[in-house]
2 protein chains.
Amino acid sequence: MTGAAAPRLVDIAESAGVSVATASRALSGRQGVSSAVAERVKEIAESLGYIGNVHARSLAGGTSSSVGLVIHEVADPYFSEIASGVMRVASHRGLSVQMCHSGRDPQIELRQLRTLIANRVGVIVVAGSGYLDPEAERSIQRELSRFTQAGGRVVAIGRHQHATDAVLPANTDGAQAVTRHLLGLGHRRIAVVTGSRGLTTVADRLAGVHRSLDEAGIPRTDVPVVEAPFTRDGGKAATLQLLEHHPDRTAVLALNDDMAIGALSVLRSRSLRVPEDMSVTGFDDVPVAADLSPSLTTVRLPMQQMGEKALELALRPPTKRPRRVVMPATLVERDSSGPPRRG
Amino acid sequence: MTGAAAPRLVDIAESAGVSVATASRALSGRQGVSSAVAERVKEIAESLGYIGNVHARSLAGGTSSSVGLVIHEVADPYFSEIASGVMRVASHRGLSVQMCHSGRDPQIELRQLRTLIANRVGVIVVAGSGYLDPEAERSIQRELSRFTQAGGRVVAIGRHQHATDAVLPANTDGAQAVTRHLLGLGHRRIAVVTGSRGLTTVADRLAGVHRSLDEAGIPRTDVPVVEAPFTRDGGKAATLQLLEHHPDRTAVLALNDDMAIGALSVLRSRSLRVPEDMSVTGFDDVPVAADLSPSLTTVRLPMQQMGEKALELALRPPTKRPRRVVMPATLVERDSSGPPRRG
DNA sequence: CTGAAAGCGCTTACAG
DNA sequence: CTGAAAGCGCTTACAG
């Protein structure tokens, strides 16, 4: 049995006593074959364990049955939720998903895009923040346009600066809502803990914070913004820094849940009670947020749906003007936020 | 610019005034081209934005640059950690990763395997528990063997019943250790909360629990086993059931972290203190386990490394007898376990 | 309904 | 070092 090459279409055809053309039609379920012949071909294919070569098919047919998915990092729950949504729709439609990490690095992202194009995916879903660096965005846009012009479909999740269909979480509204929530509880000495300001997601969320501050007549400069990696460890680092340089704060407004979780962990190790000594809020509502102790007040983004919606959009015929689907960001009040301590 | 088809190798060749053979050699960095010519071809390719067609290349060259990854579900942190490890190595080696969900359903898994084979991946990494159902395992094994015989490489993660290279977490040892830990704290009225017993992972972990029980001379029947989905919600359901039918328990030994998180959440909502009223332990040590409150006592599996190791193994030439790499499972004592309450 | 043939875009012996 | 040609395994007009 060793080295038994996989059976090819020609083997099936031969075995069935028909031409490859007929065998091809039979197996693809296309018309133009008598059902008797089709039946026989299918049976033979089945019994021989025939599995068509996607490369040959795609080369000959000019079709593609795979979608490329670019995310920052799959171990980050925000992205794994999105990926899960994409996978679900792909699976329903019989599409394969090729996944790449961008690592939030525009250079790497560019390379990944080119790889996907080389693999002739029919669709590319790019998830994750865009970059404020115009140079970086330009080269990405260039690659995407080329792909689109060659007939590919692109949908972005969470980035609005490209001329592609996009699924956009209401980042600014969400951040405004959570800021309002803290202000409403009576907090005035708030600090923002965030990922790199070079990310458009951060810029958008920060804009929501500022909008709410402006609304309440609070000078933006009253709210320090501590920047660190957009991760749990980043949240720890930022919170540590915060505690040192701004010991008077009563609330930490983290711009994603990961950082909020890091903040909670630091506060716990410092024996600071949440929310009595310090309120903490997140953003995204990753699955674990509700199960933390205290459960995390955050802004819910329908991540799985965002992934599903993105692929669905990509599978629809393109329109003249890019479509934008805005996904709601809803405040979820839980136990990590409360009135500020006196003093 | 509309409809501008992607440039092909022949376009590059023409533009450079060489044959496609030469262009091919130049771009692939193979020998047999003067460096001057190679340089020129590369420049032209670059300027025209040439991206080779992987399908054509793979069809002509018989090579594959992609690896298939089968996991239960990417939104499950155990699997997203593994996936992350696989992605890292793939990225270093210039390989693409095609990801599929099995949903812990052998039928779906089989279909996904066939899809990967159709896509002519060179490597398949199957992560996640095997199935106790021999019929299911047989068809999976059949498909994998066929793939291997055709020159493909397969590595399994966490399943030992296949004749393939495998990366195996020390499930039994880990479960034995955590059971011993609870017994050592003085617990005698323990309950196990677990996913389906049809999964070999569950069977293996349960075996570790029993080994420890036997060791301590405690009848296995003293420890009820509550079965539910291997998820957070499953953990909630199982714990609810437990509280009702076995109200005397002092420790919940969950066979994965997800279920343990569900258990913590139910106990919190019932105002039961952990670990004073009830100890809780998990298994896997997903990233959030350390950040829970109380932090979760669990068994650490090096999930990312398991993913890395699996792909590395697959990329090495096969050996006569399948390789088995056992990954250590280490007890991590945190705050969710303590001595039992009196009574 | 069925088949012979061209062609998808590459790579790789085989000559020179 | 370079090129003409065969071939990878399919699909799809084009004839019949």
Side-chain angles (χ1 to χ4, degrees), chain A residues 4-42 44-45 48-66 114-115 117-122 150-151, chain B residues 4-42 44-45 48-66 115 117-122 150-152:
Chain A
R8 297 151 304 165
L9 184 57
V10 56
D11 300 319
I12 306 304
E14 203 166 299
S15 199
V18 298
S19 70
V20 290
T22 299
S24 171
R25 294 188 192 103
L27 293 177
S28 63
R30 214 158 302 145
Q31 339 193 292
V33 209
S34 70
S35 52
V37 172
E39 211 48 48
R40 189 154 45 88
V41 172
K42 282 181 189 167
I44 290 175
L48 264 55
Y50 172 71
I51 302 182
N53 184 325
V54 167
H55 292 130
R57 178 172 302 159
S58 128
L59 193 57
T63 57
S64 170
S65 61
S66 66
R114 307 192 105 228
T115 301
I117 294 171
N119 280 275
R120 293 302 188 270
V121 298
Chain B
R8 297 151 305 164
L9 184 58
V10 56
D11 301 319
I12 307 303
E14 203 166 300
S15 200
V18 299
S19 70
V20 289
T22 298
S24 171
R25 294 188 193 104
L27 293 177
S28 64
R30 214 157 300 146
Q31 339 192 290
V33 210
S34 71
S35 53
V37 172
E39 210 49 47
R40 191 153 44 88
V41 171
K42 282 181 189 167
I44 290 175
L48 266 54
Y50 172 71
I51 302 183
N53 184 326
V54 167
H55 293 130
R57 179 172 303 159
S58 130
L59 192 56
T63 57
S64 171
S65 60
S66 66
T115 301
I117 294 171
N119 280 274
R120 292 303 188 270
V121 298

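Fair warning: this is a prediction, and the values are worked out from it, not measured in the lab. Naming: A, B, ... by sequence-line order, numbering from 1 per chain.
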(request) May I have the distance from A:His55 (atom NE2) to D:dG9 (atom P), rounded to whole angstrom? (result) 13 Å
(request) Check the distance between C:dC8's C1' and B:Asp11's CG and give it to me in whole angstrom. (result) 14 Å
(request) Using side chain to side chain donor-acceptor pair (under 3.5 Å) as the criterion, list what pairs up with A:Thr63, not counting sequence neighbours. (result) none
(message) Rounded to whole Å, how long is the line connecting atom CD1 of A:Ile51 with atom C1' of D:dG9?
(response) 15 Å
(request) Check step by step if side chain to side chain contact (heavy atoms under 4.5 Å, CB included) holds for B:Tyr50 and B:Ile44. (result) CA-CA 8 Å; B:Tyr50 172 71; B:Ile44 290 175; over 6 Å; no
(request) Compare the minimum distances between each of D:dC10, C:dC10, D:dG3 and the side chain of A:Ala60, then state the nucleotide with the smallest one. (result) D:dC10
(message) Defining pairs by Watson-Crick or G-U wobble geometry with both distances under 3.5 Å, how would you list the stems of DNA chain C with at least three pairs each?
(response) C:1-3 with D:14-16, C:5-12 with D:5-12, C:14-16 with D:1-3
(request) Determine: side-chain N/O of B:Ser19 to OP1/OP2 of D:dG3, distance under 4.0 Å, yes or no. (result) yes
(request) Calculate the interatomic distance between A:Leu59 atom CG and C:dT11 atom C1'; express it in whole Å. (result) 12 Å
(message) Of the listed nucleotides (D:dT12, C:dG9, C:dT2), which one gets closest to any side-chain atom of A:Ser24?
(response) D:dT12
(message) Taking salt bridge (Lys or Arg N to Asp or Glu O under 4.0 Å) as the cut-off, I'd like each qualifying pair that reaches into residues 11-23 of chain A, sequence neighbours left out, listed once.
(response) A:Arg8-A:Asp11
Just the atom pairs and distances: protein N or O near nucleotides 13-16 of chain D's N or O, under 3.5 Å.
unit_1	atom_1	unit_2	atom_2	d
D:dA13	N6	A:Arg25	NH2	2.9

(request) In whole angstrom, give the distance that lies between atom CG of B:Leu27 and atom C1' of C:dG9. (result) 13 Å
(request) Would you classify A:Gly61 as touching base, sugar-phosphate or nothing, given that sugar-phosphate means primed atoms plus P, OP1 and OP2, and contacts are heavy atoms under 4.0 Å? (result) sugar-phosphate
(message) For B:Val54, run the side chain to side chain contact (heavy atoms under 4.5 Å, CB included) check against A:Asn119, A:Leu59, A:Ile117 and tell me which one passes.
(response) A:Asn119
(request) Could you check A:Thr63 against A:Ala56 and say which one's nearest nucleotide on DNA chain D is further toward the 5' end? (result) A:Ala56
(request) Quick one: label A:Val18 by what it contacts on the DNA or RNA (base, sugar-phosphate, nothing), any heavy atom closer than 4.0 Å. (result) sugar-phosphate
(request) Using whole Å, report how far CG of A:Asn53 lies from P of D:dC8. (result) 12 Å
(message) If the condition is side chain to side chain donor-acceptor pair (under 3.5 Å), which residues does B:Ser58 pass it with, not counting sequence neighbours?
(response) A:His55
(message) Expressed as a whole number of angstroms, how long is the span from A:Glu14:CD to C:dG3:C1'?
(response) 15 Å
(message) I want to verify a distance call: between D:dC10, C:dG9, C:dT12, whose nearest atom is closest to the B:Arg30 side chain?
(response) C:dT12
(request) Mind listing the closest non-hydrogen atom pair of B:Ala6 and A:Arg120 along with its distance? (result) CB-NH2, 4.4 Å
(message) Testing the basics here: between B:Val20 and B:Val10, what is the closest heavy-atom pair and its distance to 0.1 Å?
(response) CG1-CA, 3.7 Å
(request) Enter the distance from A:Ser24:OG to A:Arg57:CZ here, rounded to the nearest 0.5 Å. (result) 7.5 Å
(request) Would you kindly give the CZ-to-C1' distance between B:Arg8 and C:dG9, to the nearest whole Å? (result) 8 Å
(request) Identify, residue by residue, the members of residues 34-42 of chain B with a heavy atom below 4.0 Å from DNA chain C, and return them in order of residue number, or none. (result) none
(request) Output all residues satisfying side chain to side chain contact (heavy atoms under 4.5 Å, CB included) with A:Thr22, sequence neighbours left out; order by chain, then residue number. (result) A:Val18, A:Ser19, A:Arg25, A:Val33, A:Val37
(message) Check the phosphate of C:dG9 against B:Tyr50, side-chain N and O only, distance under 4.0 Å to OP1 or OP2. Yes or no?
(response) no
(request) Mind checking salt bridge (charged side-chain N to carboxylate O under 4.0 Å, His left out) for A:Arg114 and listing every partner two or more places apart, or none if nothing turns up? (result) A:Glu143
(message) My understanding is that only residues two or more places apart in sequence, or in another chain, count here; which of them pass side chain to side chain contact (heavy atoms under 4.5 Å, CB included) with B:Ser28?
(response) B:Arg30
(request) Tell me, please, which residues at least two apart from A:Ser66 pass side chain to side chain contact (heavy atoms under 4.5 Å, CB included). (result) A:Ser64, A:Ser96, A:Val121
(request) Determine the contact category for A:Arg120: base if any of its heavy atoms lies under 4.0 Å from a base atom, sugar-phosphate if only primed atoms, P, OP1 or OP2 are that close, otherwise nothing. (result) nothing
